[in-house]
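Written below as structure tokens is the structure these notes are about.
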Amino acid sequence: MDFLMSGLAACGACVFTNPLEVVKTRMQLQGELQAPGTYQRHYRNVFHAFFTIGKVDGLAALQKGLAPALLYQFLMNGIRLGTYGLAEAKGYLHTAEGAHSPIRSAAAGALAGVLGAYLGSPIYMVKTHLQAQAASEIAVGHQYKHQGMFQALARIGQKHGLVGLWRGALGGLPRVIAGSSTQLCTFSSTKDLITQWEGLMYRGVLDALLQTARTEGVFGMYKGIGASYFRLGPHTILSLFFWDQLRSLYYAYAK
């Protein structure tokens, strides 16, 4: 039940915060590997991005990628919070004497976070592909033209194999302070196999960071941080609120 309630709580929060994820994705892909001032800025800031997307793509576009976003949140946070809750319920976070162990808590949290991020990575990639799709006049980054979540999964798997579905997994490490995760999830290859590095825009997380810093400058690594900030706070608060309410309802019903 911990897994189920955690996942449902994250999904509830995602409905409200997904538009900010769309804005973040677009802003991070804008001017990818281009020097500042050499490209047209379709999105000047978070609020301008909201207005532009709603005006050109339509208000429904602010919820692009909602289906994979919900699945991603269910998988990632369900596994993350559920695993930690299970460890807590089993007493793994306490010493033999019964005292709470900060080290064990940190280790359990880290392990749960890594497991959730890794298993949810393929869906995160699909979500990013769909959220980046835009009308030609405000398009940024590579446009894949997927018709939906299942088609996107099929195309990525067919073109890049199972490895390609986890291409952006490690990109989650610098996700808050840089666009590496988004960029790793959207870069295209001139080769059919993901294992052939020639023709790839990025060779990994470090290469993405270095190339971004070299061409876009230090501030290029912080593109979309405003949207990330405005999204992360409400999403965390809503997730924990829904999680707490669901657990209260469950325990009240179970009794």
Side-chain angles (χ1 to χ4, degrees), residues 7 10-32 42-43 46 49-78 116-172 175-176 178-189 194 201-202 208 223-224 227-228 230-232 235:
C11 287
C14 181
V15 173
F16 296 96
T17 60
N18 188 62
L20 283 163
E21 187 73 11
V22 174
V23 169
K24 175 186 74 70
T25 298
R26 302 279 186 92
M27 294 186 72
Q28 287 179 335
L29 291 175
Q30 182 171 242
E32 185 177 10
H42 299 300
Y43 313 109
V46 176
F50 262 107
F51 176 79
T52 301
I53 294 171
K55 179 181 178 181
V56 179
D57 280 343
L59 292 177
L62 290 168
Q63 284 289 12
K64 276 194 171 183
L66 180 60
L70 291 172
L71 181 56
Y72 170 71
Q73 289 296 331
F74 186 85
L75 285 173
M76 186 189 71
N77 285 308
Y118 181 78
L119 293 178
S121 180
I123 306 302
Y124 184 87
M125 179 181 292
V126 170
K127 174 191 72 68
T128 303
H129 281 200
L130 294 174
Q131 290 175 339
Q133 291 179 180
S136 57
E137 56 264 43
I138 59 170
V140 292
H142 190 82
Q143 299 290 295
Y144 285 90
K145 304 298 182 184
H146 301 306
Q147 297 301 314
M149 178 176 67
F150 296 109
Q151 187 187 81
L153 272 171
R155 284 183 172 180
I156 296 171
Q158 182 181 25
K159 182 177 181 180
H160 299 301
L162 293 176
V163 176
L165 290 173
W166 271 270
R167 184 164 59 192
L170 291 179
R175 184 175 299 157
V176 176
S180 297
S181 178
T182 299
Q183 290 166 326
L184 284 172
C185 284
T186 57
F187 74 75
S188 59
S189 170
I194 195 68
M201 186 177 290
Y202 305 110
K223 287 190 302 185
S228 292
F230 285 121
R231 174 198 166 277
L232 187 60
H235 186 85

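Put simply, the side chain of Tyr43 reaches to within 4.5 Å of the side chain of Ile53, judged on heavy atoms. Taking 4.5 Å as the limit, every side-chain heavy atom of Glu32 sits out of range of all side-chain heavy atoms of Val140. Inter-residue side-chain proximity for Arg26 and Asp57 is flagged as met; some heavy-atom pair is nearer than 4.5 Å.
When all heavy atoms of Gln147 and Gln151 are compared, the pair lying nearest together is N-OE1, 2.7 Å. Annotation for Ala69 and Cys14: closest pair CB-SG, 3.7 Å, computed over non-hydrogen atoms. When all heavy atoms are compared, the tightest approach of Val56 to Glu137 is CG1-OE2, 3.5 Å. What you find for Ala61 and Val22 is that their closest heavy atoms are O-CG1, 3.9 Å. The two residues Phe74 and Cys11 have their closest heavy-atom pair at CB-SG, 3.7 Å.
In terms of the ring pair (Phe, Tyr, Trp, His ring centres under 6.0 Å) criterion, His42 has no residue partners (sequence neighbours excluded). Under the rule for a side chain to side chain contact (heavy atoms under 4.5 Å, CB included), the partners of Leu71 that lie at least two apart in sequence or sit in another chain are Leu75, Ile123, Met149. Listed by chain and residue number, Pro19, Leu20, Val23, Val46, Leu62 satisfy the side chain to side chain contact (heavy atoms under 4.5 Å, CB included) test with Phe50 (two or more places apart in sequence, or in another chain).
Going from atom OG1 of Thr17 over to atom NZ of Lys24 covers 11.0 Å, rounded to the nearest 0.5 Å. Between the CG atom in Leu232 and the CD atom in Glu21 there is a gap of 10.0 Å [rounded to 0.5 Å]. Atoms OG1 and NZ, from Thr128 and Lys64 in turn, are 13.5 Å apart once rounded to the nearest 0.5 Å. Interatomic distance, Ser228 OG to Lys223 NZ, rounded to the nearest 0.5 Å: 12.5 Å.
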Next on the checklist: What verdict does the side-chain hydrogen bond (donor to acceptor under 3.5 Å, both in side chains) test give for His235 and Gln73, after you've listed the backbone C-alpha separation in whole Å, the side-chain angles of each residue and the deciding distance to 0.1 Å?
Outcome noted: CA-CA 11 Å; His235 186 85; Gln73 289 296 331; 3.0 Å; yes
Checklist entry - Step by step, would you call Thr25 with Gln30 a side-chain contact (heavy atoms from CB on, under 4.5 Å)? => result CA-CA 9 Å; Thr25 298; Gln30 182 171 242; over 6 Å; no
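Of the possible polar contacts, none joining the Ser121 side chain to the Ala117 backbone as a donor-acceptor pair under 3.5 Å is found. Panel note: side chain Gln143, backbone Ala132; a donor-acceptor pair is recorded below 3.5 Å.
A donor and an acceptor atom, one from each side chain of Asn18 and Gln131, are located under 3.5 Å apart.
Under a cutoff of 6.0 Å and an axis angle of 45°, Lys127 and Tyr124 form a cation-pi pair.
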